[in-house]
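Some notes on the structure that comes next.
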There are 2 protein chains.
Amino acid sequence: MSERRPREIPEATVARLAVYLRVLTGLVDASTVTVSSEELAAIAGVNSAKLRKDLSYLGSIGTRGVGYDVTVLRERIASSLGLSERRTCVLVGIGNLGHALAGYAGFSSRGFTFVGYFDADPGRVGLPIADGTISDISALESVVEENGVSIGVIATPADAAQTVCDRLVDAGVTSILNFAPSVLSVPDNVDVRKVDLAAELQILSFHEHRKSRGPDGGLVESVG
Amino acid sequence: MSERRPREIPEATVARLAVYLRVLTGLVDASTVTVSSEELAAIAGVNSAKLRKDLSYLGSIGTRGVGYDVTVLRERIASSLGLSERRTCVLVGIGNLGHALAGYAGFSSRGFTFVGYFDADPGRVGLPIADGTISDISALESVVEENGVSIGVIATPADAAQTVCDRLVDAGVTSILNFAPSVLSVPDNVDVRKVDLAAELQILSFHEHRKSRGPDGGLVESVG
DNA sequence: AGCTGTGAAAAGATTCACAGCG
DNA sequence: CGCTGTGAATCTTTTCACAGCT
C-alpha cells in the first residue's frame with residue numbers, strides 16, 4: 001500500500017544512475033551478491049548519503065542492516081532509465097569522431113541499436129561502417145520514420161548541426177546527442193545533450209590556471 | 001579603487017564560459033562589435049540574467065545602456081580560463097576514439113598542444129597520427145616531465161584507465177580528461193573530468209522513457 | 001531610455017544525522 | 001547492532017527585479 005510515489009527523479013540523480021548501473025554490472029560479473037551503500041558509493045566515487053538518496057527515488061530497494069541485492073538493484077536502475085526496451089538510434093556525420101562512435105562497443109552492449117549511419121559526403125556513402133554501411137543523408141527521414149528512431153547522434157561539423165537537428169526533429173526524433181560545437185535550438189518536447197570536447201579541456205585549463213596561483217590569487221612557486 | 005574582488009568563480013559558470021567563448025569567437029569572425037546580454041544569451045542558449053551573473057564574476061566588463069565589446073569580452077574570458085598560455089597535453093590510448101580525438105582540430109585551434117600520443121599495443125607504436133607518431137606507453141613519463149604536460153587525456157579501455165591515470169599523476173599531470181568508462185581515483189590536487197558516452201545515451205533514454213508516459217505516470221497514446 | 005551588475009528570493013543539490021526496520 | 005531511508009540543514013545555482021551608470 002505504501003507503494004512509494006516516485007517523486008520526480010532529479011536530473012543530477014539520473015546522470016549518476018548511469019554510473020551506478022555500470023558499477024553494478026561489474027559487480028554482477030564478479031558474482032557479488034550484496035553491496036552496502038558505503039561500498040557501492042566508494043566504487044562509484046560518490047558519498048554514501050548521496051547514493052542512498054539517489055536510490056531512494058526508485059523506491060525502497062535495500063534491506064536495512066544488510067545492503068542492496070546487486071542483481072535486483074541493477075535491474076531496477078536499468079528499468080528506471082528505460083533500458084528495458086531497446087532504443088534505436090541514428091548517427092549523422094561520419095568523420096573521425098563519427099567512426100569512433102560507430103565503433104564504440106559500449107553502445108550496442110547497453111541497449112542501443114544503431115539503424116543508420118549518414119553522411120553528406122558522396123565519397124563516404126556506401127563505405128562500410130561498424131555493422132552497416134554509410135548512407136546518404138537524403139535517406140535520413142525514411143530510416144528514422146520506418147524504424148521509429150528516438151535518439152539522433154550528431155557528429156557533423158558545427159555548421160551542419162542545426163540543419164541536421166531540424167531534419168531529425170521533423171522526422172520524429174525526440175532526443176539528440178550533439179557532438180558538434182554548436183548550440184542547437186529544438187522544440188520543448190525534444191531533449192538535447194551536448195558533449196563539447198574542447199570545452200572540457202578549457203574547463204581543465206581553468207583549474208590548471210587556478211592551481212598555478214595561490215588561493216588568494218598570488219603566484220605559487222613552481223615545485224620543479 | 002573598486003577593483004572587483006573576483007570571488008571564486010562557480011563551477012557551473014566556468015563550464016558556460018567555454019560556451020560563451022566559442023560564441024564570441026563566431027561573433028568576432030562575423031565582425032560584430034558589440035553585443036547585449038540578451039543577444040549573447042540567446043545565441044548561447046542560456047537566459048540573460050544567468051549570463052550577466054556569469055560575466056560579473058570576471059569583473060565589470062560591459063557598458064550600461066550599450067552591451068559588451070565582443071573582442072574585449074572574448075579576451076577577458078579566454079584569460080580567465082587560463083587560455084592565454086598554451087597548455088601541453090598527452091593522449092593515451094589510440095583506438096578509434098583516440099584517433100578521433102587526435103584528429104579533432106578544435107583542440108589545437110583552441111590553445112592545446114598535444115606533445116605525445118601513447119598506446120600499449122606494439123602494433124600501433126610508430127604509426128603516424130595527427131601531427132606526430134604513436135609512441136610506446138613506456139615513454140609516457142619522460143615526455144610528460146620534459147614538456148611540463150599538465151593535462152592528460154585517457155582514451156584507453158576501462159581496465160587500463162586507472163593504471164594510466166596513476167602514471168600520469170606520478171609524472172606530474174594535474175588534470176585528467178577521462179573517456180574510459182571507469183571511475184578514477186586521484187589525489188586532491190588533481191582534477192578529473194569524465195566524458196561517458198554510454199551514460200549520455202542512457203540519460204536520453206531516461207527522458208524518452210519519461211515522454212512515453214504522461215506526467216502522472218500514465219501511458220500516453222502514440223501519436224503515429 | 002536602455003542595459004549592466006547585483007542583492008535578494010527561489011529552486012535545486014548535497015550533506016548531515018538519526019529514526020526505525022531487519 | 002548495522003545499514004537503509006529520509007527529514008532537516010546547508011550549500012550551490014538559478015531566477016527575479018531593480019538600482020544605477022552611460
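Throughout, protein chains are lettered first and strands after them, A, B, ... in sequence-line order, and every chain is numbered starting at 1.
- Contact annotation: side chain of Arg64(B) to base of dT4(C), donor-acceptor pair present below 3.5 Å.
- Within the nucleic acid shown, Ile61(A) comes within 4.0 Å of sugar-phosphate atoms alone, with no base atom in reach, counting heavy atoms only.
- The nearest whole Å value for the distance from the CG atom in Leu55(B) to the P atom in dT6(C) is 11 Å.
- The nucleotide whose nearest atom lies closest to any side-chain atom of Ala12(B) is, among dA17(D), dG22(C), dT13(D), dT13(D).
- Of the side-chain N and O atoms in Tyr57(B), none sit less than 4.0 angstrom from OP1 or OP2 of dT13(D).
- Rounding to whole angstrom units, CD1 of residue Ile9(B) and P of dT13(D) are separated by 12 Å.
- At a cut-off of 3.5 Å, with distance as the only test, a side-chain donor of Ser80(B) or Arg76(B) sits close to an acceptor on the other residue.
- Checked options Val153(A), Leu91(A), Asp196(A), Thr156(A); the residue passing with Phe179(A) is Val153(A) (criterion: side chain to side chain contact (heavy atoms under 4.5 Å, CB included)).
- Per the geometry, CD belonging to Glu11(B) stands 13 Å off P belonging to dT14(C), to the nearest Å.
- Shown here for Arg52(A) and Ser37(A), the closest heavy-atom pair between the two residues is NH1-OG, 3.1 Å.
- Nearest to the side-chain atoms of Asn47(B) among the listed nucleotides dG5(D), dT13(D), dT15(D) stands dT15(D).
- Tyr20(B) and Asp54(B) share a side-chain donor-acceptor pair at under 3.5 Å.
- The nearest whole Å value for the distance from the CG atom in Leu40(B) to the C1' atom in dC3(C) is 13 Å.
- When the C1' atom of dT4(C) is taken as reference, atom CD of Glu39(B) falls 13 Å away, rounded to whole Å.
- Atom CD of Glu38(B) is separated from atom C1' of dC16(D) by 14 Å (rounded to the nearest Å).
- Mapping Gly65(A) and Lys53(A) onto DNA chain D by nearest heavy atom places Gly65(A) at the nucleotide closer to the 5' end.
- Salt-bridge formation is not detected for the pair Arg210(B)/Glu208(B): no Lys NZ or Arg NE/NH1/NH2 atom is positioned less than 4.0 Å from an Asp or Glu carboxylate oxygen.
- Side chain of Lys50(A), nearest nucleotide from dG5(D), dT14(C), dC16(D): dT14(C).
- Distance, Arg52(A) CZ to dG7(D) P: 14 Å, rounded to whole Å.
- OP1 or OP2 of dT4(D) lies within a sub-4.0 Å distance of a side-chain N or O belonging to Ser37(A).
- Among dA13(C), dT4(C), dG5(D), the nucleotide with an atom closest to any side-chain atom of Ser60(A) is dG5(D).
- The phosphate of dT14(D) has OP1 or OP2 within less than 4.0 Å of a side-chain N or O from Arg16(B).
- Straight-line distance from the CG atom of Leu51(B) to the C1' atom of dC3(C): 12 Å, rounded to whole Å.
- Between dG5(D), dC16(D), dT13(D), one nucleotide has an atom nearer to the side chain of Ala49(B) than all others, and that is dC16(D).
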